[in-house]
Amino acid sequence: MQAKELKPGMWVEYQQGVAEVIDVDQEHNTAIIENMSDHRRININCNDLVDQPQLHTGCDNYY
């Protein structure tokens with residue numbers, strides 16, 4: 001994904017699972033995300049994130 005496609009509060013997938021987007025830095029194409037399993041926050045390149053429209057807000061499970 002690109003930083004311009006991300007917004008705080010979105011749910012995305014990355015290598016370690018599901019995360020919520022906390023903040024986006026469009027200049028550097030990075031985002032701060034919070035892992036839903038351990039609530040750890042990391043800074044990650046947006047190219048490593050995958051939009052997952054089947055995830056819905058408030059739940060990290062597919063419906």
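Side chains included, hydrogens not; waters and symmetry mates left out as well; all remaining heavy atoms used.
- Atom CG of Asp48 and atom CD of Glu13 lie 13.5 Å apart (nearest 0.5 Å).
- Clustering ILVMFWY residues whenever any of their side-chain heavy atoms sit less than 4.5 angstrom apart, transitively, puts Leu6 in the very cluster that holds Tyr14.
- Transitive grouping of hydrophobic side chains (ILVMFWY, heavy atoms separated by less than 4.5 Å) keeps Ile22 and Trp11 in distinct clusters.
- In this structure, the side chains of Leu49 and Ile33 come closer than 4.5 Å at one or more pairs of heavy atoms.
- Both Val21 and Ile42 belong to a common hydrophobic cluster when Ile, Leu, Val, Met, Phe, Trp and Tyr are linked at side-chain heavy-atom distances under 4.5 angstrom.
- With values rounded to the nearest 0.5 angstrom, Asn43 atom CG is found 5.5 Å from Ile32 atom CD1.
- Atoms NZ and SG, on Lys4 and Cys46 in that order, are 11.5 Å from each other to the nearest 0.5 Å.
- A distance of 4.0 Å separates OG1 of Thr30 from CG of Asp25, quoted to the nearest 0.5 Å.
- Looking at residues two or more places apart in sequence or on another chain, you find no side chain to side chain donor-acceptor pair (under 3.5 Å) involving Asp51.
- Sequence neighbours left out, the pairs with a member in residues 26-43 that pass salt bridge (Lys or Arg N to Asp or Glu O under 4.0 Å) are Glu34-Arg41, Asp38-Arg40.
- Taking 4.5 Å as the limit, every side-chain heavy atom of Glu20 sits out of range of all side-chain heavy atoms of Met10.
- Contact annotation: the side chain of Asn29 approaches that of Asn47 to within less than 4.5 Å [non-hydrogen atoms, C-beta and beyond].
- When all heavy atoms of Val50 and Met1 are compared, the pair lying nearest together is C-SD, 3.9 Å.
- Residue Ala19 comes nearest to Met36 through the heavy atom pair CA-CG, 4.2 Å, listed as atom of the first residue, atom of the second, then distance.
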